Undergrad: 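Structure below; questions to follow.
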Amino acid sequence: MNNMTNLYDTSKCTACRGCMIACKDWNQLPAVIEPFKGNYSTHEDTDGDTFTYIRFIEGEDPVDGFYWNFLKYQCMHCLEPACMEVCPRGAYSKTEWGATYHDPEKCIGCQYCTYACPFHIPKYRKREDKISKCNLCYERVEEGLTPACARTCPPGALKFGNRDELLVEAEQRVKYLRANGFPRATIYGRTELGGLNKLYVLTDTPDRFGLPVNPTVSGTISFWQNWVQPYFGWLIPLALAGSAASFVTTRLLANKNGGHGKGGHE
Ligand code: SF4
Ligand code: SF4
Ligand code: SF4
């Protein structure tokens with residue numbers, strides 16, 4: 001089955017935040033009120049109850065002058081997801097059509113995925129002791145519907161469809177933008193990290209939208225994959241056995257020394 005995804009076109013986004021509301025509504029997520037931080041962003045980042053938000057990025061360039069960009073941010077549904085690689089409980093999986101699905105039933109809240117993700121997407125939800133993130137509206141797509149955010153977007157800045165076809169559309173749009181005042185327009189998500197199942201048409205370079213130009217997975221991830229994860233099932237019993245052995249040894253020594261443990265009293 002072909003990958004299905006959202007194409008987000010920054011040249012069409014009006015930053016109305018309708019997608020944020022639609023996401024909250026569909027996923028039954030409570031509002032998260034953040035204090036005013038001196039810019040237009042309502043949120044500084046995703047959180048356990050906010051799967052997507054609109055970034056407002058402003059800056060000044062010596063040549064171009066002032067710029068003000070909008071960016072919808074959420075899970076990138078990487079084709080080779082680092083979160084899935086490190087999860088010791090197999091809580092992450094790829095759907096046939098390309099979403100990175102997180103199953104809360106399997107999640108034990110260890111938070112390894114939060115450190116592995118190059119985009120800092122999975123967030124810890126304390127009240128459930130689990131991780132949460134955008135699942136690309138898995139339930140809707142399985143029923144033949146479009147994701148709630150794409151369904152809502154008034155100017156059509158978000159479009160859901162076949163990834164290959166959306167890439168062709170993105171190429172045409174970038175060509176048009178480059179010829180019409182946006183010489184650095186580019187596609188993001190085609191090749192980054194082996195490909196993302198979220199595509200962006202950017203009117204400028206990725207850094208002008210707060211996106212990593214060359215996102216990479218931390219080297220510690222391969223250490224985790226090769227040396228820790230294969231033995232994870234053994235580590236907890238081993239740690240418990242070690243604690244039990246230490247406890248018994250301490251008690252035996254305490255009895256041998258006349259009922260007083262070294263450096264303390266019973
Ligand atoms: S963006 Fe992060 S959470 Fe989403 S699929 Fe990629 S690694 Fe996983
Ligand atoms: S795909 Fe669904 S869960 Fe993901 S940001 Fe859009 S509305 Fe939210
Ligand atoms: S609904 Fe569409 S136009 Fe509005 S903020 Fe989201 S992506 Fe931008």
Side-chain angles (χ1 to χ4, degrees), residues 1-10 12-13 18-29 46 50-53 71-87 89-107 113-114 116-123 130-153 156-174 186-202 211 215 217 221 225:
M1 188 175 180
N2 288 325
N3 280 349
M4 302 290 287
T5 187
N6 274 345
L7 169 65
Y8 168 68
D9 186 341
T10 57
K12 294 180 181 172
C13 178
C19 50
M20 286 180 68
I21 306 301
C23 181
K24 289 261 182 190
D25 186 41
W26 173 255
N27 292 293
Q28 294 291 289
L29 300 169
T46 56
T50 307
F51 296 166
T52 186
Y53 74 107
L71 185 94
K72 182 182 182 293
Y73 200 66
Q74 73 295 297
C75 174
M76 300 294 179
H77 298 277
C78 312
L79 299 183
E80 297 163 15
C83 54
M84 194 168 93
E85 296 295 335
V86 299
C87 179
R89 285 294 183 233
Y92 288 93
S93 58
K94 287 301 279 183
T95 67
E96 277 185 358
W97 46 274
T100 305
Y101 180 78
H102 176 260
D103 182 353
E105 296 299 319
K106 293 182 180 172
C107 180
C113 54
T114 66
C117 174
F119 297 100
H120 311 290
I121 289 299
K123 293 293 186 317
K130 290 179 190 299
I131 287 301
S132 66
K133 74 164 195 77
C134 156
N135 270 343
L136 198 42
C137 281
Y138 167 80
E139 294 84 358
R140 288 178 63 90
V141 175
E142 289 287 312
E143 292 299 320
L145 301 171
T146 55
C149 51
R151 173 77 180 81
T152 300
C153 182
L158 278 168
K159 187 174 178 184
F160 184 71
N162 178 297
R163 186 175 186 272
D164 293 338
E165 290 171 12
L166 290 176
L167 267 173
V168 173
E169 199 171 309
E171 279 165 9
Q172 289 167 354
R173 183 67 182 164
V174 163
T186 188
I187 298 173
Y188 192 84
R190 179 181 6 214
T191 55
E192 284 75 11
L193 286 169
L196 309 177
N197 205 41
K198 276 278 177 179
L199 296 173
Y200 286 79
V201 166
L202 303 178
L211 288 168
V217 174
I221 301 308
Q225 279 175 259

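Just so we're clear, the structure is a prediction, and the values are computed from it rather than from any experiment.
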Undergrad: For the atom pair NE2 (His77) and SG (Cys83), what is the distance rounded to the nearest 0.5 Å?
TA: 9.5 Å
Undergrad: Are the side chains of Leu167 and Arg190 in contact, using a 4.5 Å heavy-atom criterion?
TA: yes
Undergrad: Does a side-chain heavy-atom distance below 4.5 Å link Lys72 with Cys13?
TA: no
Undergrad: I'd like to check Leu136 versus Thr95 (side-chain heavy atoms, cut-off strictly below 4.5 Å). Are they in contact?
TA: no
Undergrad: Measure across Ala157 and Cys153 and return the closest heavy-atom pair with its distance rounded to 0.1 Å.
TA: N-SG, 3.1 Å
Undergrad: Main chain of Glu139, side chain of Glu142: is a donor-acceptor contact present, judged purely on distance under 3.5 Å?
TA: no
Undergrad: Look only at the side chain of Asn6 and the backbone of Tyr8, and say whether a donor-acceptor pair between them is shorter than 3.5 Å.
TA: no
Undergrad: Please tell me whether Lys133 and Thr46 have a donor and an acceptor in their side chains that are separated by less than 3.5 angstrom.
TA: no
Undergrad: Tell me whether the count of non-hydrogen atoms from other residues, nucleotides or ligands lying under 6.0 Å of CZ in Arg140 goes above 12.
TA: yes
Undergrad: So does Lys159 pair up with Glu165, basic N to acidic O under 4.0 Å?
TA: no
Undergrad: With a 3.5 Å distance limit and no angle check, can you tell me whether Thr100 reaches the backbone of Lys94 through a side-chain donor-acceptor pair?
TA: no
Undergrad: Please name all residues satisfying side chain to side chain contact (heavy atoms under 4.5 Å, CB included) with Val141, sequence neighbours left out, ordered by chain then number.
TA: Trp97, Pro147, Phe160
Undergrad: Side chains of Gln74 and Phe51, heavy atoms from C-beta outward: is any pair under 4.5 Å?
TA: no
Undergrad: Output yes when a side-chain donor or acceptor of Lys12 lies under 3.5 Å from a complementary backbone atom of Leu158, and no otherwise.
TA: no
Undergrad: Is there a donor in the side chain of Lys24 and an acceptor in the side chain of Thr52, or the other way round, less than 3.5 Å apart?
TA: no
Undergrad: Kindly indicate whether the side chain of Phe119, heavy atoms from C-beta on, has any atom under 4.5 Å from the side chain of Cys78.
TA: yes
Undergrad: If I compare all heavy atoms of Leu193 with all of Pro215, which pair ends up nearest, and what's the gap?
TA: CD2-O, 3.5 Å
Undergrad: Determine the minimum heavy-atom distance between Asp164 and Asn162, stating which atoms define it.
TA: N-OD1, 2.8 Å
Undergrad: How long is the gap from CD on Glu80 to CG on Asn197, to the nearest 0.5 Å?
TA: 12.5 Å
Undergrad: When rounded to the nearest 0.5 angstrom, what is the spacing between CG in Asp103 and CG in Asn135?
TA: 9.0 Å
Undergrad: Taking the side chain as everything from C-beta on, heavy atoms only, tell me whether Leu199 gets closer than 4.5 Å to Glu169.
TA: no
Undergrad: Atom CZ of Arg89 and atom SG of Cys107: how far apart are they, to the nearest 0.5 Å?
TA: 11.0 Å
Undergrad: Just how far is it from atom CD of Glu143 to atom SG of Cys137, taken to the nearest 0.5 Å?
TA: 12.5 Å
Undergrad: Looking at every non-hydrogen atom in both residues, tell me the closest pair between Leu29 and Cys23 and how far apart they are.
TA: CD1-O, 4.3 Å
Undergrad: Are any of the side-chain heavy atoms of Ile187 and Glu171 separated by less than 4.5 Å?
TA: yes
Undergrad: Between Asn3 (side chain) and Arg163 (backbone), is there a donor-acceptor pair under 3.5 Å?
TA: no
Undergrad: State, to 0.1 Å, how close Val201 and Leu7 come at their nearest heavy-atom pair, and which atoms those are.
TA: CG2-CD1, 4.0 Å
Undergrad: State, with a plain yes or no, whether a side-chain heavy atom of His120 is found less than 4.5 Å away from one of Tyr73.
TA: no
Undergrad: Could you tell me the separation between the CD1 atom of Ile121 and the OG atom of Ser132, rounded to the nearest 0.5 Å?
TA: 10.5 Å
Undergrad: Minimum heavy-atom separation for Thr152 to Ala148, with atom names?
TA: OG1-O, 2.8 Å
Undergrad: Give the ring-plane orientation class for His102 versus Tyr92, where under 30° counts as parallel, over 60° as perpendicular and anything between as tilted.
TA: tilted
